[in-house]
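See below for the structure under consideration.
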Amino acid sequence: MTTHDHGTRDAGPPLPQPPQPPQPPADPAVPMASVAPAASDAPTMAPAGPMAPAAPAAPAASAASVASDGGRLARVRRGRPDDPRWVRPTLWALLAVTTVLYLWSLGASGYANQFYSAAAQAGSESWKAFFFGSSDAANSITVDKPPASLWPMALSVRLFGLSSWAILVPEALMGVATVGVLYAAVRRRFSAAAGLIAAAALAVTPVAALMFRFNNPDALLCLLMVSAVYCVLRALEDARTKWLVLAGVCFGLGFLTKTLQAWLILPPLAVVYAVCAPAKFGRRIGQLLLAGLAMVVSGGWWVAIVELWPASSRPYIGGSQHNSFLELTFGYNGLGRINGNETGSVGGGGPGGGGRGGGRWGDTGIDRLFGSDMGGQIAWLLPAAFILLAAGIWLTWRARRTDTRRAAFLVWGGALLMTFATFSFMSGIFHQYYNIALAPYIAALVGMGAALLWERRNEGGRAGAAASAVLALTVAVTAYMSYVLLGRSPDWHPWLRWAVLIGGLAAAAGLLLTGLLATGRLGRKAALAAAGLGLAAGLAGPVAYTLNTVDTPKQGSIVTAGPSVAGGMGGPGGGFPGGGRMGGPPGMQNGRQGTGQQGQGQQGQGQQGQGQGNQQGQGQGGRQGTPGGGTGGTGGGQPGGQNGFPGGGFPGGGQSPRNGQGNAQGGQGQNGTPGMLPGGGMGEGGRRGGGMGGLLNGQQVDAEVAAKLKKNADDYTWAAAAIGSQNAASYQLATQKPVMAIGGFNGSDPSPTLAQFKEYVKQDKIHYFISSGTGMGGGPGGGQGTSSQITSWIESTYKKVTVGSATLYDLTQKKTG
C-alpha cells in the first residue's frame, strides 16, 4: 500500500544511480569560492542568459596530480591542464622576444637620464645616499622623487660596477615582468588567447618599450600598478584578505616610486571591491581599511623617517622650497601637476592659465592624448580599448553582483578612465612618456574585450552577428587610428600606413561577413583568418614605432618613442619641444607653429657652444623673463604672454660639435605653445651640451676635465659643484666622485644658501665650481636667486681655469689684485 505525505512516498529500495562523470580536480590557481554563489547578503539577480554567460571555472591539477607531474615547476612549464599545448610555449616565446626587444642595443643609450644614473651611482657608494635617494654620495641634495626606483639600479651598480647596462638592465627586466603579470591577470578569468593578446599589446606599445629601456621611475611604477590590479582581481574571486593587503603594499611601494601618481587608480579599484567582492558589506569595508593601513605603512615608513630625521644631518629634499618631503609630495609633485602651480618648476611657478590651452605643457582637453606629440606614444589601441570596455560591460551587465568577469572590466576600465581623464586635463608638467601608465590598462581591455566578443560570436544567432559587428568596428577604427598616426611621419615608411589601413578594413569586412553569412567549418576558418589579419593590422603601427624606438639611442630628461612627427614637440632622441636627437640631424629640429591670438614666439641659435635666445611677447599675466643665452652667450627678455615661456626663454646654447640653429614662432595668449627653445641642441655624431644649457640633458665631459676633477678629489667632500642636477650628474658619472648639484634639478631649489656654500668653501669641502655659462640663476618662481648669488660670488672671488671645453673656478685660489 502506498501512502502520500505532502509529496513524499515510501519508494522501497533505492534505485540504482547512473555513474557520475569524474569531476575535474580543483585548480590551486582558481579558488572554488570564485565560482561559488554569492554571499548571503548578495542580491539575487536575473540569470545572465545569452548576454552574459557565466565564467567557467578553470580546471587545473590537484595536489596529487601536481606532484605526479613534477611539482610546481611542471605547472609553470605546462600551464593549466586544460590549456592547448600551444599556449605555454607561445607565452614563453612572447616573454623571450620581449626580453630580447628590451635588451637590444641597450647600451647605446649610455646613462640615459643622467639625473637618475648619478643618483644610482651615489647609492652604490653610500648607504645613506641609497636610503635618501641623494644625487651625490656626499648627500648634498636628493632627487625630486622618492627613492624606490633608484634602489634596484643602485644595487645593480654596487654588484656589477658602474655601466650603462648595470643601470638599464633592471628596467628592462621590470618590463618583462610587467608583461608576464599582465598575462596572468587577464588569463585567470578569460581565455589564454585573451592573456596573450593583452601581453603582446603591452610589449609593443611604443611608450612602454621606451620606458622599459630607460631609467626614469615609470618602469617600476608600471610594474607595481599591474601587480596591484592583479592582487585586487584575486581578492575579488573569494574575498581573501591577504590579496587585498598585498595590493595595498603595491600601492605603498608605488608611492615611494612616484608619490601621488601611484594612487590615481585607487578610487575605482576600492569602489569595485566594495560593491562586487563576495563577502558581507561590513567585511568588505573592514578589508579595505586594512589594505589602506598596509598601504600607509608600506609607503609611510620612509616618509616618517625622513620627516623626523634632523634636517642638518640629511640631504636637502630636492624639488621642495622648504626642505620638506611632504611639501614636495603635495606641491611640486602633487597638486602642482594638476593645476600648474609648480613653484620651482622650469619656466616659473605660476598657474598655467585657463581655457583650452591649459598651460606651458601643451593643450589640454579630451583629445590631448591623440595629439601630434602624444598620439604616437599611446593612442594606437586607445579607441579600441574604449569600444571593448563598453562592449564588455554591456555583455556582463546582467550578471550577478560578484561576477568576476564584469569586475575585471570595471577594474581595468576604471583605471583607464581615471588615468586618461587626469592626463587629458592636468595643467602642470606633463611629458609624453607619462603615458606608459595607460599602456597596461589599454592592453588588458583589448585582450579581454576581443576574447569575450569572439566567444559570443561563436554562439551564432543575432548575438553572434552583433558581436561580429562590434569586432569589425573595433578593427576598422584601430586601422584608421594607425593610418592617422603613421601619416604624421609622411617620409617614414609611407607604404606602411596604406598597408595597415587596407589590411584593417579588409579584416573588418571579413569579420562582418563571416558573422552574418558564413557557417560551418569553412566559415570558422575564414573568421579566424580575418581575425588574424585584423590583429596584425592593429599591431603593425605600434610594432614599427617600437622597433624605431629600440634602434634609436635615448638620452636626457624628456624622451619620446618613434620617429619625428609633423607638428610634434619632440624628436626621436627626446629632449624638449623641438629638441634634436643623438646621432640625428645637425642642430635642433624645427619647432611647431604656435596657435594663439597675438604676439611672437622665440628663436635661438647655437654654434660651437655659443648661443643666444630672445623672446618677446605680449599678453595677460606676463612674467619677467629669466636671463637666457648659451654657453658664454647672453640673452634677455621682456614680459611674455600668459602661457608663453618667460621673456628670455630657457637657458639656451649648449655646446654642439656642429653648427645648429632652429627657429619657430610660438603663439601667445591662452592657446600659446612653445616654439623653438633657444640654443643649438644636440648635433650629429655626438652630444657636447645638453638642451637648455644642461637643464634637461647632461654634458659630454672631456677626459682632460675629468682628470682635472679627479686629481686630489679624495681630499674634498665634493670634487666640484655645478648649477643644476644634470650638469652635476655629467661630471659625477665621468669621475665617480661626488659633485654638488646647486639648486637641484632646475637650479631653483634654495640649497645650499649662499652662506652655507661660503662655509663649505671655507672648510675646503669643495674644490671646483663648474661654470655652465647659462644664467641658470635660480629660475623664476623659486630659489630666491640662490644659484645666481652663488655664481656671482664665485665669479667675483675666485680664479677662472679653462680646461678643454670647460670653464672651472678653483675654490682654493682667490683672485689677486
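Below, each value reflects all heavy atoms present in this structure, side chains not excepted, and no hydrogens, waters or symmetry copies.
Aromatic ring centres of Phe430 and Phe425: separated by at least 6.0 Å. Note: Phe251 and Phe255 fail the aromatic proximity criterion, with ring centroids not under 6.0 Å apart.
The distance from atom CG of Leu221 to atom NZ of Lys258, rounded to the nearest 0.5 Å, is 6.5 Å. The CD1 atom of Ile378 sits 11.0 Å away from the OH atom of Tyr441 when rounded to the nearest 0.5 Å. Atom CE in Met211 sits 12.5 Å away from atom OG1 in Thr178 (nearest 0.5 Å). Atom NZ of Lys525 sits about 14.5 Å away from atom OG1 of Thr514, to the nearest 0.5 Å. Between the CD1 atom in Ile393 and the CG atom in Leu445 there is a gap of 9.0 Å [rounded to 0.5 Å]. Between the CG atom of Leu381 and the CD1 atom of Ile387 there is a distance of 11.0 Å, given to the nearest 0.5 Å.
With sequence neighbours excluded, the residues satisfying side chain to side chain donor-acceptor pair (under 3.5 Å) with Asn216 are Asn113, Tyr433.
The nearest pair of heavy atoms linking Ala277 to Arg401 is O-NH1, 2.8 Å. Pairing each heavy atom of Gln377 with each of Gln432, the nearest pair is CG-CB, 4.0 Å. Summarising the geometry of Leu528 relative to Trp454, their closest heavy-atom pair is CD2-CZ2, 3.6 Å, with the distance given to 0.1 Å. Met418 and Pro267 get closest at one heavy-atom pair: CE-CB, 4.2 Å. Nearest approach of Leu182 to Pro440, heavy atoms of both residues: CD1-O, 3.9 Å. Counting all heavy atoms, side chain and backbone alike, Ala561 lies closest to Val207 at CB-N, 4.2 Å.
Between the side chain of Arg234 and the backbone N or O of Val229, no donor-acceptor pair lies under 3.5 Å. Listed for the Thr205 side chain is no donor-acceptor partner under 3.5 Å among the backbone atoms of Ala208. With hydrogens and angles ignored, the 3.5 Å screen pairs no side-chain donor or acceptor of Ser482 with any backbone N or O of Gly541. Using modelled atom types, no side-chain atom of Arg457 and backbone atom of Leu471 make a donor-acceptor pair closer than 3.5 Å. Formation of a donor-acceptor pair under 3.5 Å by the Arg406 side chain with backbone atoms of Trp397 is found in this model. Looking only at distances, a side-chain donor or acceptor of Lys554 sits under 3.5 Å from a matching main-chain atom of Thr560. The backbone N or O of Ala279 lies less than 3.5 Å from a partner atom in the side chain of Arg284, making a donor-acceptor pair. A side-chain donor-acceptor contact under 3.5 Å links Thr546 to the backbone of Val204. Side chain of Arg189 to main chain of Arg405: no donor-acceptor pair is present (N/O by atom type, distance under 3.5 Å, no hydrogens or angles).
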Could you give me the CA-CA distance, side-chain angles and deciding distance for Val272 and Leu236, then say whether side-chain contact (heavy atoms from CB on, under 4.5 Å) is met? CA-CA 9 Å; Val272 172; Leu236 281 164; 4.1 Å; yes
Step by step, would you call Phe190 with Phe409 a ring pair (Phe, Tyr, Trp, His ring centres under 6.0 Å)? CA-CA 11 Å; Phe190 296 85; Phe409 277 106; 5.6 Å; yes
Could you give me the CA-CA distance, side-chain angles and deciding distance for Tyr102 and Glu171, then say whether side-chain hydrogen bond (donor to acceptor under 3.5 Å, both in side chains) is met? CA-CA 9 Å; Tyr102 290 171; Glu171 311 301 300; over 6 Å; no
Please assess Leu369 against Leu438 for the test side-chain contact (heavy atoms from CB on, under 4.5 Å), listing each intermediate value before the final yes or no. CA-CA 11 Å; Leu369 303 188; Leu438 293 161; 3.4 Å; yes
Test log, rule side-chain contact (heavy atoms from CB on, under 4.5 Å), inputs Phe423 and Arg368: CA-CA 8 Å; Phe423 285 1; Arg368 182 185 204 178; 5.8 Å; no
Phe214 and Val559: side-chain contact (heavy atoms from CB on, under 4.5 Å), yes or no, with the steps? CA-CA 9 Å; Phe214 208 71; Val559 290; 3.6 Å; yes
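The side-chain heavy atoms of Cys276 and Thr402, taken from C-beta on, include no pair separated by under 4.5 Å. Using a 4.5 Å heavy-atom threshold, the side chains of Leu547 and Leu101 count as touching. Contact check for Tyr480 versus Pro383: no side-chain heavy atoms found under the 4.5 Å cut-off. Put simply, the side chain of Arg88 reaches to within 4.5 Å of the side chain of Leu91, judged on heavy atoms. Between Leu395 and Leu453 the shortest side-chain heavy-atom distance falls below 4.5 Å. Counting heavy atoms from C-beta outward, Leu202 and Tyr183 have side chains that stay 4.5 Å or more apart. Side-chain contact between Leu244 and Leu288: present, with at least one pair of heavy atoms (C-beta onward) separated by less than 4.5 Å. Using a 4.5 Å cut-off on side-chain heavy atoms (C-beta onward), Gln287 and Tyr273 make contact.
Salt bridge status for Arg187 with Asp83: present, with a side-chain N to carboxylate O gap under 4.0 Å. The pair Asp238-Arg240 meets the salt-bridge criterion, since a charged nitrogen lies less than 4.0 angstrom from a carboxylate oxygen.
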Return a table of donor-acceptor pairs under 3.5 angstrom between the side chains of residues 489-512 and protein atoms on other chains or two or more places apart.
from: Ser489; atom 1: OG; to: Ser564; atom 2: O; distance (Å): 2.7
from: Arg497; atom 1: NH2; to: Tyr483; atom 2: OH; distance (Å): 3.4

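Trp86 CH2: more than 12 foreign heavy atoms inside a 6.0 Å radius.
Relative orientation of the Tyr545 and Trp380 rings is perpendicular, given thresholds of 30° and 60° on the angle between their planes. Using cut-offs of 30° and 60° on the angle between ring planes, the pair Phe370 and Phe420 is perpendicular.
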